[in-house]
Asks: 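Structure provided below as structure tokens; questions to follow.
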Amino acid sequence: MSERKPGWKQIPRGGLILEAGNAAQYLTGDWRSLRPVWDPEACSHCLFCWVYCPDAAILVAEGKMKGINLDFCKGCGICANQCPRTGALTMVTEGSVTAQAGS
Ligand code: SF4
Ligand code: SF4
């Protein structure tokens, strides 16, 4: 027998509150259609990308950029727009990366 759900009279004002959580539990990077590609040789480790990334997807250790967490990067391109170094961050299509991996 299926679990009986509460009727509207049992629901408190404001509705039922589901368990609080955050996006750290969900890998949201698969929404992406573009991805940033980082060139460590061109990077000056100014960390502008870290400051501006809205998803905290720029990985930093000991004051230096270490890469991009693609599990959470949405491909918005803000990091590449803010980066002052030519070629340090380049946006590419996911399709081009998939095609390279498959070749
Ligand atoms: S903004 Fe550009 S140069 Fe600065 S840390 Fe990020 S990738 Fe490197
Ligand atoms: S593309 Fe957007 S989400 Fe991804 S690392 Fe850059 S700023 Fe962050």
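Order of listing sets the numbers, starting from 1, for every ligand and every atom in it. Numbers here are sequence positions counted from 1. Please read these numbers as outputs of a predicted model, since none were measured by experiment.
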Asks: Can any side-chain N or O of Arg85 pair as donor or acceptor with the backbone N or O of Cys43 at less than 3.5 Å?
Replies: no

Asks: Working to the nearest 0.5 angstrom, can you tell me the gap between Arg35 CZ and Met91 CE?
Replies: 10.0 Å

Asks: Using a strict cut-off of 4.0 Å, indicate which atoms of ligand 1 neighbour a heavy atom of Cys46.
Replies: 1 (S), 3 (S), 4 (Fe), 5 (S)

Asks: Do Gln82 side-chain atoms and Cys79 backbone N/O form a donor-acceptor pair below 3.5 Å?
Replies: no

Asks: If you leave out waters, which protein N, O or S atoms are less than 2.8 Å from atom 6 (Fe) of ligand 2?
Replies: Cys79 SG

Asks: To which protein heavy atom is atom 8 (Fe) of ligand 1 closest, and what is the distance rounded to 0.1 Å?
Replies: Cys43 SG, 2.3 Å

Asks: Number the atoms of ligand 1 from 1 as they appear, then name those within less than 4.0 Å of a heavy atom of His45, with their elements.
Replies: 5 (S), 8 (Fe)

Asks: Please list, in number order, the atoms of ligand 1 under 4.0 Å from a heavy atom of Met65.
Replies: 5 (S), 6 (Fe), 7 (S)

Asks: For residues 47-74, dump all side-chain donor-acceptor pairs below 3.5 Å to protein atoms at least two apart in sequence or in another chain.
Replies:
residue	atom	partner	partner atom	Å
Asp55	OD1	Lys74	NZ	2.9
Asn69	OD1	Asp71	N	3.0
Lys74	NZ	Thr28	OG1	2.9
Lys74	NZ	Phe72	O	3.1

Asks: Are Asp39 and Thr90 packed together at the side-chain level, in the sense that at least one heavy-atom pair is separated by less than 4.5 angstrom?
Replies: no

Asks: Find all atoms of ligand 1 within a distance of less than 4.0 Å from any non-hydrogen atom belonging to Leu47, and give their numbers and elements.
Replies: 4 (Fe), 5 (S)

Asks: Go through Val92 and Val97 one step at a time and tell me if the side chain to side chain contact (heavy atoms under 4.5 Å, CB included) criterion holds.
Replies: CA-CA 8 Å; Val92 300; Val97 177; 3.7 Å; yes

Asks: Within this structure, what is the CD-NZ distance for the pair Gln10 and Lys5, rounded to the nearest 0.5 Å?
Replies: 14.0 Å

Asks: At a 4.0 Å threshold, what atoms of ligand 2 neighbour a non-hydrogen atom of Pro54?
Replies: 7 (S)

Asks: Is atom 8 (Fe) of ligand 1 less than 2.8 Å from an N/O/S atom of Cys83, whether that atom is in the backbone or a side chain?
Replies: no

Asks: At less than 4.0 angstrom from any non-hydrogen atom of Ser44, what atoms of ligand 1 do you find?
Replies: 3 (S), 8 (Fe)

